[in-house]
Protein chains: 2
Amino acid sequence: MVITRTRIQEKNRSAILEAGLDVFSQYGFRGTTLDQIAEAAGLSKPNLLYYFPSKEAIHAELLETLLETWLDPLHALDDTGDPIREILDYVQRKLDMSRDYPRESRLFANEILQGAPRIGDNLTGELKSLVDEKAQVIRGWIAAGKVAAVDPYHLIFSIWALTQHYADFDVQVRAVLGGDDPFPGAEAYLTQVFSTLLRP
Amino acid sequence: MVITRTRIQEKNRSAILEAGLDVFSQYGFRGTTLDQIAEAAGLSKPNLLYYFPSKEAIHAELLETLLETWLDPLHALDDTGDPIREILDYVQRKLDMSRDYPRESRLFANEILQGAPRIGDNLTGELKSLVDEKAQVIRGWIAAGKVAAVDPYHLIFSIWALTQHYADFDVQVRAVLGGDDPFPGAEAYLTQVFSTLLRP
DNA sequence: GCGTGATTTGACCAAGTGGTCAAAGCTACG
DNA sequence: CGTAGCTTTGACCACTTGGTCAAATCACGC
């Protein structure tokens with residue numbers, strides 16, 4: 001069953017998702033109103049509901065596509081590559097995502113802050129097993145003496161925390177730095193952190 | 001002008017603030033309803049509004065007390081102490097706060113995610129000048145060869161990110177770890193990270 | 001036990017909410 | 001053209017929301 005869409009459908013659906021991402025990522029699910037989304041998308045509320053059956057549906061579709069792109073960088077961690085290079089590359093990819101997709105990062109943060117009511121299963125399922133797998137890879141590297149002995153789970157958490165911080169807490173970071181672009185400095189600093197940490 | 005309060009006032013005000021912290025920290029300002037807070041506090045809505053003039057007022061009071069306790073650990077960073085010890089102690093204090101006051105951490109995270117509409121001034125004022133001051137202290141330590149050369153601002157960001165992550169993303173962390181208490185592991189890992197990073 | 005001020009509440013309100021619907025407007029294609 | 005089907009909208013609805021108010025209830029010092 002292939003879904004065919006007219007150009008208008010294509011355009012309006014993506015305008016709605018774009019607007020929804022804007023608003024949901026700032027106010028969370030409950031704090032967002034359909035009127036806000038409709039306004040941001042340049043549509044009337046009934047017209048918006050012609051393309052999506054409910055507020056839930058918009059949010060669900062956003063979360064779904066988010067989860068895919070969110071796990072991709074970790075998937076790409078290659079057990080046959082050079083260990084430290086692989087991890088530093090992962091850090092870089094995650095930092096790039098914070099720079100290029102800050103709204104996605106905040107949408108995810110909002111969902112987790114609320115206790116992950118809509119993606120709890122993905123966390124204990126898909127996410128956990130992916131992390132378990134990659135933690136094993138890192139354990140292998142440690143055993144082979146290629147990487148310093150660190151807890152692989154907390155290593156992964158720290159990569160998430162440090163990179164997503166620049167998207168989720170952007171306002172705070174910029175307030176403290178006085179408005180300068182934080183990312184060049186962040187990249188240098190994170191490289192330094194993980195290089196010194198992981199050197200065997 | 002001293003505010004005197006009866007025992008009942010004392011009790012109900014703190015019940016409301018407690019309940020407000022619970023709900024605001026999960027759903028953000030807009031996503032929270034007075035009925036939710038009233039229910040959680042065990043009061044009727046009109047009764048709740050007898051103690052606080054509005055939803056705003058509850059939120060404002062929570063944020064105000066939050067900001068105080070939030071900056072305390074950084075204030076305590078002592079330029080006359082042993083540099084690495086001072087920084088590691090700061091990390092420890094912030095991690096303790098994530099363990100003991102996760103709701104406060106999430107309340108703050110929610111406020112920042114929304115663009116800090118109510119505390120923007122504190123960020124560019126109070127917070128920025130405190131961080132500027134402590135960054136200078138760290139620069140001094142680096143110049144004296146007591147601490148490895150790192151960007152002091154990103155160092156501070158990284159401490160915030162790594163410690164608050166365990167409160168704000170608690171659900172995710174526990175989902176991945178399978179429910180074990182993350183804090184012992186976090187403490188060991190963070191000590192390792194900052195020890196290796198800061199060793200001159 | 002009584003009166004006064006503190007406390008609590010049921011009933012209410014206007015505005016905002018997610019969502020519906022029938023009718024109108026538009027577009028592509030024969 | 002014409003028309004069938006896609007798109008848009010104004011009017012509307014039931015429910016929730018933040019907040020008010022007058023009246024009822026309660027606690028406490030005399």
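Residue numbers begin at 1 in each chain, while the letters A, B, ... track the order of the sequences. Please read all numbers here as calculations on a predicted model, not as lab measurements.
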Whole Å only: how far is the [atom1] atom of [X] from the [atom2] atom of [N]?
X: Ile37(B); N: dG19(D); atom1: CD1; atom2: P; value: 10 Å
X: Tyr51(B); N: dG19(D); atom1: OH; atom2: P; value: 18 Å
X: Gln9(A); N: dT27(C); atom1: CD; atom2: P; value: 14 Å

Does the pair Glu39(A)/Lys45(A) count as a salt bridge with the N-to-O cut at 4.0 Å?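 So Glu39(A) does not pair with Lys45(A) through a salt bridge.
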Do the charged groups of Arg99(A) and Asp96(A) touch, with an N to O distance under 4.0 Å? yes
At 4.0 Å (heavy atoms only), tell me whether Phe52(A) reaches a base, stays on the sugar-phosphate, or touches nothing. nothing
N or O in side chain of [X] less than 4.0 angstrom from [N] OP1/OP2:
X: Tyr50(B); N: dT7(C); result: yes
X: Ser44(B); N: dT8(C); result: no
X: Asn47(B); N: dT7(C); result: no
X: Asn12(B); N: dA6(C); result: no

Taking the six-membered ring of Tyr51(A) as reference, does the cationic atom of Arg13(A) (NZ for Lys, CZ for Arg) lie under 6.0 Å from its centre and within 45° of its axis?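 Relative to the ring axis of Tyr51(A), which defines the angle, Arg13(A) lies outside at least one limit.
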Set of residues satisfying side chain to side chain contact (heavy atoms under 4.5 Å, CB included) with respect to Asn122(A), sequence neighbours excluded: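 Per chain and number, Asn122(A) pairs via side chain to side chain contact (heavy atoms under 4.5 Å, CB included) with Leu67(A), Ile119(A), Glu126(A).
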Restricting to pairs with a member in residues 63-77 of chain B, which pass salt bridge (charged side-chain N to carboxylate O under 4.0 Å, His left out), not counting sequence neighbours? none
How would you summarise protein contacts on nucleotides 11-22 of chain C per nucleotide, using B for base, S for sugar-phosphate only and - for none, with heavy-atom distances below 4.0 Å? B-----SBBBB-
Cut-off 3.5 Å, side chains only: do Asp132(A) and Gln136(A) have a donor facing an acceptor? no
